[in-house]
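Heads up: the structure comes next, in structure tokens.
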Amino acid sequence: MESNLKSMSDLVSLCKRRGFIFQSSEVYGGLGSCWDYGPLGVELKNNVKNSWWKAMTYREDIEGVDASILMHPKVWKASGHIDGFTDPLIDCKICKSRFREDLIDTAAKCPNCGASDCFTPSREFNLMFKTQMGAVEDDSSEVFLRPETAQGIFVNFLNIQSTMRKKLPFGIAQIGKSFRNEITPGNFIFRTREFEQMEMQYFIKPGVQLEFMDTWKQLRWSWHVSNGLRESRMKWAPHPEDKLAHYADVAVDIEYEFPMGWGEIEGIHSRTDFDLKQHEEYSGKNLHYVDQADGNKKYIPYVVETAAGCDRTVLALLCDAYRVENEGDKEKERTVMKFSPQMAPIKVAVLPLMKKVGLEEVAKKIFQDVQIDYKAEYDVAGSIGKRYRRQDEIGTPFCVTIDYDSLEDQSVTVRNRDTMEQSRIAINQLHNYLKDQLKF
Ligand code: ATP
């Protein structure tokens, strides 16, 4: 018998207890909806980023970039963010809570205090964070923290196309932090004001966008599945035509079923030539592409983008992995994070059965050898049962136990997280065994 995650608070508490995610500035009482990734969280997040980077840039037609977070203020005028990157904000006049008008039913009662007829008229609230650059504080030094990574790619389109001698179709990929002054952040790391995006803009000839939407929809869906997300908890959510962003002609999201309901983890959007056209107009630079394969025709490329949230992908993986087995059975109950081996923060735990000279030396040597290829943990504290339970809770696929017999037969016991089966493996075969089981 196995049950899934029932509430976000169970996950928040596991993440804190086991070193995945902590409240930011916790010793000062925390900073609302800001989170710090602990030792296991940063491993998991790096695994997500590495998997994405490999899938998206280890191919002939996509190049990577790492653009700066602060950009010329005109970028945001051109992109439409200064005038249009707003959410409709309403306040409850009774309890002063703030809401996004489009996310609640304003005809009903205030979700916080229950008052009725209590909302202020809605007003547009810009989500960009403003700051000052340099020592003088005036309008000319005002800059913004980027609210999306995409614009760093658009303004580098020509640099990358020309230096890397790219022909259409080709893409540019980037992972980086974005900032949005969200009205109602929450649900753990689902909606925060500082978050990481993994975006790729694919530049194509105008007219073929639907074809590339299909290609990228398929690739992005399978990427999430290859990381271990259960397809039964994923769905497509097309944007209705009247809800399309100002730059898009078709858009669809991949949603995951979180404990609080369905939520977007990635968007696949056809952005037309909107952004490059705007940057051409505002910068005065020619951003046309000369298509040598089509009689040197000049045009502004269209763009199909894949925009995934790194933190939301991490959250989906954490929610999906969380299982409780034999709930209520004191002897047999265990919480297991069933990460795929690729996503698991720790791949192998090395556990000497007793703290004894001879045994520890062998165990340390095995730990050092395993660490050459895999992130591993060495644990001597507590009973072996307790140590297994800790590894289950952090999702370690394999535990290697060294016992007295190991000194005699030069073998160890390898325990499988999911089946709990134990196999006796010769120490000199351990590397091959792990490689075979972990499949990388
Ligand atoms: P939402 O409708 O949830 O506000 P969005 O449609 O504005 O999201 P995009 O602009 O398409 O999101 O950004 C791409 C991805 O970035 C999203 O799929 C999501 O995974 C991630 N993302 C966006 N906003 C946040 C946030 N405030 N916190 C964490 N991740 C975010």
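Below, all heavy atoms of this structure are taken into account, side chains as well, without hydrogens, waters or symmetry copies. This chain uses plain numbering: 1 for the first residue, then up along the sequence. Model, not experiment: these values are computed from the prediction. Counting starts at 1 for both ligands and their atoms, in listed order.
- At a 4.0 Å cut-off, not a single heavy atom of Asp311 sits close enough to ligand 1 to count as contact.
- Of the protein's heavy atoms, Ala307 O, 3.6 Å lies nearest to atom 15 (C) of ligand 1.
- Looking at Arg191 against ligand 1, both its backbone and its side chain come within 4.0 Å, counting heavy atoms.
- Only side-chain heavy atoms of Arg180 come within less than 4.0 Å of ligand 1; its backbone N, CA, C and O stay farther off.
- The protein non-hydrogen atom at the shortest distance from atom 13 (O) of ligand 1 is Gln197 NE2, 3.3 Å.
- Ligand 1 has no N or O atom lying under 3.5 Å from any N or O atom of Ile189, backbone or side chain.
- For atom 28 (N) of ligand 1, the nearest protein heavy atom (residue, atom name, distance) is Thr192 N, 3.1 Å.
- Among protein heavy atoms, the minimum distance from atom 21 (C) of ligand 1 is reached at Gly309 CA, 3.6 Å.
- Checked by atom type and distance alone, the side chain of Asn47 pairs as donor or acceptor with a backbone atom of Met343 at under 3.5 Å.
- Between Phe195 and ligand 1, not a single N/O pair is under 3.5 Å apart.
- Ring-centre distance between Tyr256 and Trp262: not below the 6.0 Å cut-off.
- Closest to atom 19 (C) of ligand 1, if we only count protein heavy atoms, is Arg312 NH1, 3.5 Å.
- Near Glu182, meaning under 4.0 Å from any of its heavy atoms, are these atoms of ligand 1: 24 (N), 26 (C), 27 (N).
- For the pair Arg193 and Phe129, the NZ or CZ position fails the cation-pi test of under 6.0 Å to the six-membered ring centre and within 45 degrees of the ring normal.
- Of all atoms in ligand 1, listed by their number and element, those nearer than 4.0 Å to a heavy atom of Phe190 are 28 (N), 29 (C), 30 (N).
- Taking the centre of each ring, Tyr299 and His288 stay at or above the 6.0 Å mark.
- Geometrically, Arg220 does not engage Trp216 in a cation-pi contact defined by less than 6.0 Å to the ring centre and at most 45° from the axis.
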| Which is it for Phe203 and Phe157 under the ring pair (Phe, Tyr, Trp, His ring centres under 6.0 Å) test, yes or no, and what are the steps along the way? | CA-CA 9 Å; Phe203 299 90; Phe157 164 73; 4.6 Å; yes

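- Protein heavy atom at the shortest distance from atom 17 (C) of ligand 1 is Glu264 OE2, 3.3 Å.
- Side chain of His81 to main chain of Asn126: no donor-acceptor pair is present (N/O by atom type, distance under 3.5 Å, no hydrogens or angles).
- Under a 3.5 Å cut-off, the side chain of Asp291 and the backbone N or O of Leu168 do not form any donor-acceptor pair.
- A donor-acceptor pair under 3.5 Å is formed between the side chain of Asn156 and the backbone N or O of Gly152.
- Every heavy atom of Glu196 sits 4.0 Å or more from the atoms of ligand 1.
- Remark: Lys74 is not positioned above the aromatic ring of Tyr282, lacking an NZ or CZ atom under 6.0 angstrom from the ring centre and at most 45 degrees off the axis.
- Using a 4.0 Å heavy-atom cutoff, Glu148 is absent from the residues neighbouring ligand 1.
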